[in-house]
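Okay, structure first, notes after.
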Amino acid sequence: MPSNADLSEIVATIGRDMADHLGGGKVADYIPALARVDARRFGMAVITTDGEVAETGDAWIPFSIQSISKVFTLTMALERLGDDLWKRVGREPSGSRFNSIVQLEHEHGIPRNPFINAGAIVVTDALLAGRAPAAGIAEIRDYVRKLADVETIDIDTEVASSEAATGFRNQSLANFMRGFGNLNSPVDDVLKVYFNQCSLRITCRQLARAGLFLAGAGTDPISGDVVTTSKRARRIAAVMMTCGHYDASGEFAFHVGLPGKSGVGGGILAIVPGKASIAVWSPGLDEAGTSYVGAMALKRLAAATRWSVF
Ligand code: GLN
């Protein structure tokens, strides 16, 4: 474990080094409201289990959480349903893009894992369980607020509307699964919640804080709150490692070696079990929808701290 001074220096150096790469990758444009973000942004925040924070760049600017929200909804759903959740969604890497439909027919509407869109939509349905969409949205928002210890985290309604207006693939996935009996609430209700959870606005600082319970074996090391059991925290981290970056999860494990979850808003949450929670943000994406500069920064951080779990 680097000392706090060393960690601050490592993070500051990464911030300086990333300046040469800003604007790399391609901003997600299939959600029009995301395409308007400044591609040259970069932020990183690291919070250790003893509460030390190191950050650089735009760590204070809110961005769209997108698929990183799936880590929090998975945790909520496991707490609520326990292992029964695994009857409706698998935990194998898909090797396919995040919005692919190809495996769903062969696998009878049971998505490969909770991080591809189909799997996350099932998790959202499991959480909704008969509630009105507005109540489901508020529960997820409040859960993230509590974990981040920030009451002002909210949903960017413009992004949510933009997703709804262009979410044809997600509608296909949801209808297909409903056809297989793996979605209980009406498709429009489930997608409304899903689009809103993806549209939460959060900063690197807040996101790193919200993920800290996973570094603390399920217990938030600062508040002492038991968010989940240590066994579940380990399993959530395992799914992040194997499935967190879709068809590029192997690449991320190879280069960074930490459980992580990307979002097409350009954020990545990475966990160092027992040690730290890290959030990076830079909007340009690689082919798999992972932040290009963000992943580069995490690779440098993992190398400098020797934090890879391998
Ligand atoms: N809201 C996005 C979608 O459903 C999330 C995708 C992502 O971040 N990978 O397409």
Side-chain angles (χ1 to χ4, degrees), residues 25-37 62-74 89 93-101 104 111-125 127 133 136-137 140-141 144 155-177 183 187-202 207 211 239-240 242-249 251-252 260-270 279-292 294-295:
K26 190 172 171 299
V27 176
D29 55 8
Y30 75 103
I31 301 170
L34 290 184
R36 290 198 277 278
V37 176
F63 59 90
S64 192
I65 194 169
Q66 292 296 318
S67 288
I68 306 166
S69 65
K70 298 169 182 175
V71 173
F72 302 116
T73 49
L74 174 62
V89 61
S94 68
S96 306
R97 280 188 65 75
F98 63 86
N99 52 11
S100 172
I101 202 167
L104 269 185
R112 274 285 172 100
N113 66 66
F115 292 155
I116 52 173
N117 285 9
I121 290 167
V122 167
V123 171
T124 298
D125 181 64
L127 285 175
I137 293 165
I140 297 170
R141 183 203 59 201
V144 174
I155 284 149
D156 185 331
T157 50
E158 196 195 335
V159 173
S161 312
S162 188
E163 290 212 38
T166 55
F168 305 111
R169 278 175 171 258
N170 287 320
Q171 271 156 18
S172 309
L173 294 168
N175 277 296
F176 205 58
M177 291 190 292
L183 219 62
V187 164
D188 286 347
D189 287 3
V190 181
L191 288 179
K192 182 159 194 193
V193 180
Y194 173 75
F195 292 142
N196 274 272
Q197 77 180 58
C198 288
S199 302
L200 280 163
R201 275 160 51 84
I202 198 160
L207 180 59
V239 183
M240 291 171 78
T242 52
C243 311
H245 298 82
Y246 318 111
D247 47 336
S249 298
E251 276 293 296
F252 192 83
K261 183 73 210 81
S262 61
V264 293
I268 307 175
L269 171 67
V280 289
W281 170 56
S282 190
L285 308 177
D286 66 15
E287 292 282 300
T290 299
S291 171
Y292 173 77

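Ligands are counted one by one from 1 in listed order, and the atoms in each one are counted from 1 as well. On a predicted model such as this, the values are computed, not experimentally measured, just so you know.
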Does the side chain of Gln66 come within less than 4.5 Å of Ile31's, by heavy atoms?
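Yes, at least one pair of side-chain atoms sits under 4.5 Å.
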Can you tell me which residues line ligand 1 if we count any heavy atom under 4.0 angstrom from one of its atoms, in chain and number order?
Tyr30, Gln66, Ser67, Phe98, Asn117, Glu163, Asn170, Tyr194, Cys198, Tyr246, Gly263, Val264
So, using ring-ring contact (aromatic ring centres under 6.0 Å, His included) as the criterion, who are the partners of [X] when residues are at least two apart?
{"X": "Tyr246", "value": "Phe98"}
{"X": "Phe252", "value": "His245"}
{"X": "Phe176", "value": "Phe180"}

Around Arg141, counting heavy atoms of other residues, nucleotides and ligands shown, do more than 12 lie under 6.0 Å from its CZ?
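It does: Arg141 CZ has more than 12 such atoms within range.
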Is it true that, when you exclude Gln171 itself, more than 12 heavy atoms of the residues, nucleotides or ligands shown sit nearer than 6.0 Å to its CD?
yes
